[in-house]
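Just below is one structure, and these are the notes that go with it.
Please read all numbers here as calculations on a predicted model, not as lab measurements.
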Amino acid sequence: MAAARRRFVAPARDEVDRGCFTHALFAGMAEYHDLLVADAWPTVLALDERLALAGKRLVAQDESLLADGQHYEQRIALGRIATRAENWHDLFNALVWARYPAIKQALNARQCERIQANGPNVRDRAQAALTQFDETGVIVRVEDPALVSAWDRHDWRALFVDAEAAWQDGRIAVAAVIGHALMEQALLPGRLLVGKCVVVQGSDDALAVQQVAKATTRGDLLRDPLELRPLPLMGIPGWEVRQDEAFYAQDAYFRPLREGRKYPSIQSAR
């Protein structure tokens, strides 16, 4: 019998090195840096008031809330986001709602469509893709689609080392980190994170995010987990201090392309 997968446990607030929040992974959350480095947790009510999400409220996830019998996603569609107090995962989820509301709304709408079609206890391939992107998703923007060819071959040295200048000057860049589980895992020092990516051709981060939201809403994206390109995030130039030959030689992290694995065409920001 295969060993059970160990559940990730986030460190307590007072155990987190606050310097981790200066990492590029958290660049999109700069507006909320004070919430991340504060000594005390914000209450759910205080967080709701601070974020002031349009058409949504953060509500404490307790027995009285769960007694309504609604599915988590369907409750969100009705305006209430169940949020656990003093919980990194749910704090990051709330911040992504505040920072990228169009993405979160699109994900929620698609999840509700699938729940309506399948019932609350059945999950299809689209739901798996939507969940993976919600938890570990990253939007990557490229100006020249040729930069993606190395990625599609899992030629990691070509993508990160040979194309270092492209990462430095913005020809290829992380436009947005969506995955709140990625942020939670980044609380542990030395964690080798892998994002599940949607790639957009363009030169503007905001337009790339907008395009992903629109395509998700239309159902053109996130129909199957195999659409998502894995990206070893610590390979991005400057995202990890120990980017030497031995680092990039870690096959367990920089995994070779699986036989038969192919990726879809990239989106176009327009």
Side-chain angles (χ1 to χ4, degrees), residues 4-16 18 21 26 28-29 31-124 126-137 177-188 213 216-217 222:
R5 185 176 180 181
R6 187 170 62 181
R7 183 177 178 274
F8 176 80
V9 178
R13 177 171 277 268
D14 60 2
E15 296 174 340
V16 173
R18 310 302 164 82
F21 298 119
F26 294 99
M29 298 299 156
E31 181 180 352
Y32 309 109
H33 185 76
D34 62 305
L35 292 173
L36 300 176
V37 301
D39 291 334
W41 290 96
T43 65
V44 174
L45 177 60
L47 187 62
D48 178 63
E49 292 176 346
R50 164 72 180 274
L51 300 183
L53 304 177
K56 307 293 181 189
R57 288 181 53 233
L58 303 175
V59 293
Q61 180 173 304
D62 53 24
E63 291 184 6
S64 63
L65 179 72
L66 299 179
D68 64 13
Q70 292 177 335
H71 190 284
Y72 171 79
E73 297 287 354
Q74 292 174 319
R75 191 184 294 112
I76 291 175
L78 295 173
R80 298 189 297 170
I81 303 172
T83 304
R84 292 168 292 184
E86 301 186 6
N87 183 281
W88 283 114
H89 190 89
D90 286 14
L91 173 60
F92 290 135
N93 182 54
L95 297 184
V96 177
W97 267 102
R99 185 66 179 82
Y100 305 109
I103 294 285
K104 295 292 278 187
Q105 289 166 5
L107 293 172
N108 174 246
R110 287 279 306 286
Q111 288 280 16
C112 289
E113 287 175 6
R114 303 317 305 154
I115 293 167
Q116 184 67 29
N118 300 327
N121 300 316
V122 176
R123 290 174 58 81
D124 60 19
Q127 285 172 285
L130 292 161
T131 299
Q132 282 191 24
F133 188 71
D134 192 27
E135 297 283 348
T136 61
V177 176
I178 304 300
H180 51 287
L182 276 180
M183 298 179 193
E184 183 183 28
Q185 291 175 27
L187 299 175
L188 293 181
T216 300
T217 299
L222 304 177

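- A search for side chain to side chain contact (heavy atoms under 4.5 Å, CB included) contacts involving Arg50 returns Tyr32, Asp34, Leu35, not counting sequence neighbours.
- Leu91 has its side chain out of reach of Glu184: every pair of non-hydrogen atoms, C-beta onward, lies at least 4.5 Å apart.
- Across every non-hydrogen atom of Ala106 and Ala213, the tightest pair is CB-O, 3.7 Å.
- Summarising the geometry of Leu182 relative to Gly137, their closest heavy-atom pair is CD1-O, 4.4 Å, with the distance given to 0.1 Å.
- For the pair Phe133 and Ile103, the tightest heavy-atom approach, listed with the atom from each and the gap, is CE2-CG2, 4.2 Å.
- Put simply, the side chain of Phe21 reaches to within 4.5 Å of the side chain of Val37, judged on heavy atoms.
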Audit row: Asp48, Arg57, side-chain contact (heavy atoms from CB on, under 4.5 Å) steps and yes/no: CA-CA 6 Å; Asp48 178 63; Arg57 288 181 53 233; 3.9 Å; yes
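- In terms of heavy atoms, Ala60 sits closest to Val44 at N-CG1, 3.7 Å.
- Scanning for ring pair (Phe, Tyr, Trp, His ring centres under 6.0 Å) contacts around Phe92 gives Phe26, Trp88, with sequence neighbours left out.
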Between Trp41 and Leu47, does the side-chain contact (heavy atoms from CB on, under 4.5 Å) criterion hold? Intermediate values first, please. CA-CA 9 Å; Trp41 290 96; Leu47 187 62; over 6 Å; no
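- No side-chain donor-acceptor contact under 3.5 Å links Arg75 to the backbone of Ala82.
- When the side chain to side chain donor-acceptor pair (under 3.5 Å) test is applied to Asp124, the partners found at least two apart in sequence or on another chain are Arg114, Asn118.
- The minimum heavy-atom distance between His180 and Asp134, with the atom names listed, is ND1-O, 3.1 Å.
- Two residues are said to be in side-chain contact when any heavy atoms from C-beta on lie closer than 4.5 Å; Leu53 and Pro101 fail this criterion.
- The CD atom of Glu31 lies 10.0 Å from the CE atom of Met29; values are rounded to the nearest 0.5 Å.
- Distance alone, capped at 3.5 Å, is enough to place a donor-acceptor pair between the Glu15 side chain and the Ala12 backbone.
- For the atom pair CG of Leu36 and CG of Leu95, the computed distance is 6.0 Å after rounding to the nearest 0.5 Å.
- In terms of modelled atom types and a separation under 3.5 Å, the side chain of Arg110 and the main chain of Leu222 share a donor-acceptor contact.
- With sequence neighbours excluded, the residues that form a salt bridge (Lys or Arg N to Asp or Glu O under 4.0 Å) with Arg84 are Asp90.
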Take Arg99 and Ile178 through the test side-chain contact (heavy atoms from CB on, under 4.5 Å) and record every step on the way to the result. CA-CA 9 Å; Arg99 185 66 179 82; Ile178 304 300; over 6 Å; no
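- Counting heavy atoms from C-beta on, the side chains of Arg18 and His33 never come closer than 4.5 Å.
- Taken from CD in Gln132 to CD in Gln127, the straight-line distance is 12.5 Å, to the nearest 0.5 Å.
- The minimum heavy-atom distance linking Leu51 with Ala94 is given by the pair CD1-O, 3.6 Å.
- In this structure a side-chain-to-backbone donor-acceptor pair under 3.5 Å is present from Thr83 to Ile81.
- With sequence neighbours left out, Thr43 forms a side chain to side chain contact (heavy atoms under 4.5 Å, CB included) with Leu45, Ala46.
- When atom types are taken as modelled, the side chain of Arg13 and the backbone of Ala38 share a donor-acceptor pair closer than 3.5 angstrom.
- For the atom pair Met183 CE and Thr136 OG1, the distance stands at 11.5 Å (nearest 0.5 Å).
- Applying the side chain to side chain contact (heavy atoms under 4.5 Å, CB included) test to Glu73 and every residue at least two apart in sequence or in another chain returns His71, Ile76, Asn108, Gln111, Cys112, Ile115.
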Trace of the side-chain contact (heavy atoms from CB on, under 4.5 Å) decision for Tyr100 with Val177: CA-CA 9 Å; Tyr100 305 109; Val177 176; over 6 Å; no
